[in-house]
Amino acid sequence: MTEDLIIGIDLGTTHSLVGVVDSGFPIILADENGDRLLPSAISYGEGQHPLIGKNALRNLTLSPDKTLLSIKRLIGRNYSQLTREEIDESDIPLERGENDSILLRVDKDTAVTPIAVSAMILAKLKETAEKALDCTVNRAVITVPAYFNNSQREATKEAATVAGFEVERIINEPTAAALAYGLDKLDESQTVAVYDLGGGTFDLSILQMQGGLFEVLSTAGDTRLGGDDFDRAIVSHLSEKWNLGDLSPSESITLKAAARDAKEQLSDKENVDIRLPFFRGTQSLETALSRTDLEKIISPVLERTHSICRRAFAEASHKGVDSIDHLILVGGSTRTPLVREKLQEWFKLEPNLTQHPDEAIALGAAIQAGILCGRVRNVVLVDVTPLSLGIETFGGLMNVIIPRNSTIPTKAGEMFTNAVANQESMAIRVLQGEREMARDNWLLGEVLVPFQKGPKGSARVGVQFAIDQDGILEVLARDTETGEDHILEIRNSAVDVEDEEVERMVNESIDHAFDDMNQRVWTEAKIKSEELLPAVEVALEQVGEKLSPEEKNEIEAAVEIVKQILASDSQDASLLKKANSDLDDATQTLAALLVEEAFGG
């Protein structure tokens with residue numbers, strides 16, 4: 001890494017990501033917990049620094065009036081531009097600041113601007129990049145919606161400057177998405193529609209592309225339209241169904257969380273049950289919601305995107321729906337089955353689903369950053385990895401580090417930690433194959449990394465896989481505390497595999513896909529259960545006497561269900577996941593009491 005390094009950032013409404021081009025290939029960088037998506041959330045606690053990302057979301061139920069979400073909807077706008085609906089529906093009081101700016105009132109002594117909040121999220125991404133790359137990062141390419149006006153672009157740039165970045169370029173999100181999909185490499189002129197439906201914003205852009213040249217023919221969008229509006233529609237439906245009337249801030253947060261969870265589950269399921277125990281005093285709420293119900297609820301919101309699409313086509317010179325060669329989807333809300341169904345109906349075209357909708361923009365930003373700093377250039381592609389390469393992680397799972405069909409040379413890495421207390425070493429077992437469980441893949445080699453024993457999660461071992469153009473895999477494992485490296489070299493891992501063996505492994509992965517995935521989900525859920533149960537036991541010992549008998553009984557019942565499922569032979573992953581979720585829900589008050597205890601309450 002050099003001081004010429006430039007990273008790419010997607011500053012999103014719901015999630016934000018950071019990426020970089022490494023060894024000629026764009027990658028999304030993960031934080032110390034292995035998470036690539038950073039929730040775009042900030043939460044202010046009593047007498048402590050603001051919490052960012054997942055930690056902020058965990059604080060949402062405790063401090064709904066101090067947790068800031070979807071700030072991208074406000075950046076670069078004036079208070080006078082806000083609608084009455086936006087002001088009334090905001091969980092955080094919005095006030096007029098100096099020069100008609102927007103202030104978010106956290107408490108009587110603290111009010112922050114959208115720029116300041118965005119700067120904190122960007123600073124967190126900067127920290128993630130610097131830890132992952134082990135070097136200082138000061139330069140960035142940042143994406144914005146194509147229809148952002150000059151004020152919104154300048155505000156985004158100002159937030160990045162406050163976070164310590166020199167902004168090399170602000171690029172449009174649809175352009176970044178097209179880069180991620182590789183559409184810049186088209187030889188013939190093609191027309192591309194980018195449908196970007198995120199958590200809080202929507203836009204449809206029509207691009208003309210050929211040989212790396214981009215021309216935006218038209219773009220139309222709405223900074224106040226996205227998956228959040230799906231959630232609000234579900235909340236309205238549930239509130240009306242249960243005749244709830246006016247909601248308190250905490251009730252509103254709880255209902256929104258339940259709505260979002262139901263929406264996400266219905267992407268895979270036909271029906272879900274929504275249960276809200278002790279929602280209002282002793283009043284508990286329960287109802288079933290089907291995918292058909294959901295589609296009726298969100299259809300009016302989705303139809304708003306259709307009218308925006310029509311407007312974009314009307315503004316694109318002589319371009320109609322029939323002229324579109326590629327339809328690419330961006331944003332987590334495009335996972336909703338009804339969205340994809342309607343798009344096929346509207347565009348008469350199968351959407352391109354080859355990229356992760358949450359990561360496409362950040363990947364494109366990373367590619368643009370790589371172009372600017374010379375890391376993306378024309379190279380001769382020597383070969384590809386025929387099978388995925390990874391290591392065995394706790395529970396006997398296969399953790400892929402370099403996916404199958406990655407072009408070599410390539411390099412990728414992740415950070416791992418000790419799974420149990422007082423562990424003195426970590427065995428890095430290098431695997432090759434396509435199965436979910438480590439035992440079903442080929443063991444290529446093993447390297448042992450000793451470290452100082454301590455509590456669970458105290459050791460940090462960085463593992464990097466690097467494959468050179470000759471197909472030699474070098475595995476480097478580093479104890480970050482001592483800086484000591486352990487290197488294992490495996491020759492011909494990348495290319496010297498018989499075609500028949502590759503075909504057999506891939507076919508086996510397809511044949512066993514359902515069982516393998518169930519086994520993986522069961523194992524991950526089991527690991528969570530084995531973390532939850534002792535944690536709940538300790539918490540009950542510390543503050544259990546402060547619970548009401550009903551709350552204590554609910555927790556004990558939830559604990560017993562988890563134990564029963566763990567002891568059964570069925571290994572029903574969905575049952576165990578639900579039991580874990582129910583136990584999580586049942587212990588919300590217990591968790592709040594623990595926080596109070598920690599702060600001397």
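Nothing fancy with the numbering, it's 1 onward along the sequence.
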Would you list the atom pairs, donor with acceptor, under 3.5 Å between side chains in residues 155-166 and any protein atom, with sequence neighbours excluded?
unit_1	atom_1	unit_2	atom_2	d
Thr156	OG1	Gln152	O	2.8
Thr161	OG1	Lys157	O	3.0

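Ion pairing between Glu173 and Lys72 holds under the 4.0 Å rule for side-chain N and carboxylate O. Ion pairing between Glu264 and Arg260 fails under the 4.0 Å rule for side-chain N and carboxylate O. Remark: Arg73 engages Asp229 in a salt bridge, criterion side-chain N to carboxylate O under 4.0 Å. With salt bridges taken as basic N to acidic carboxylate O contacts below 4.0 Å, none links Glu85 and Arg232.
Here the options are Ile142, Val141, Thr143, the test is side chain to side chain contact (heavy atoms under 4.5 Å, CB included), and the partner is Ile170; only Ile142 passes.
Arg139 places no side-chain N or O within 3.5 Å of a backbone atom of Leu5 that could act as its donor or acceptor partner.
Here the CG atom belonging to Leu329 is positioned 6.0 Å from the OH atom belonging to Tyr181, to the nearest 0.5 angstrom. Annotation: the span from Lys54 atom NZ to Asp35 atom CG amounts to 3.5 Å, rounded to 0.5 Å.
The environment of CZ in Arg36 is sparse: at most 12 heavy-atom neighbours from other residues, nucleotides or ligands sit within 6.0 Å. Dense packing is recorded around CD of Glu303, with more than 12 heavy atoms of other residues, nucleotides or ligands lying under 6.0 Å away.
At least one side-chain heavy atom of Pro351 sits less than 4.5 Å from a side-chain heavy atom of Gln344.
Ring planes of Tyr195 and Trp346: tilted class, angle from 30 to 60°.
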Practice task
Show your reasoning for whether side-chain hydrogen bond (donor to acceptor under 3.5 Å, both in side chains) applies to Thr393 and Asn399.
Solution key: CA-CA 6 Å; Thr393 54; Asn399 186 93; 5.1 Å; no
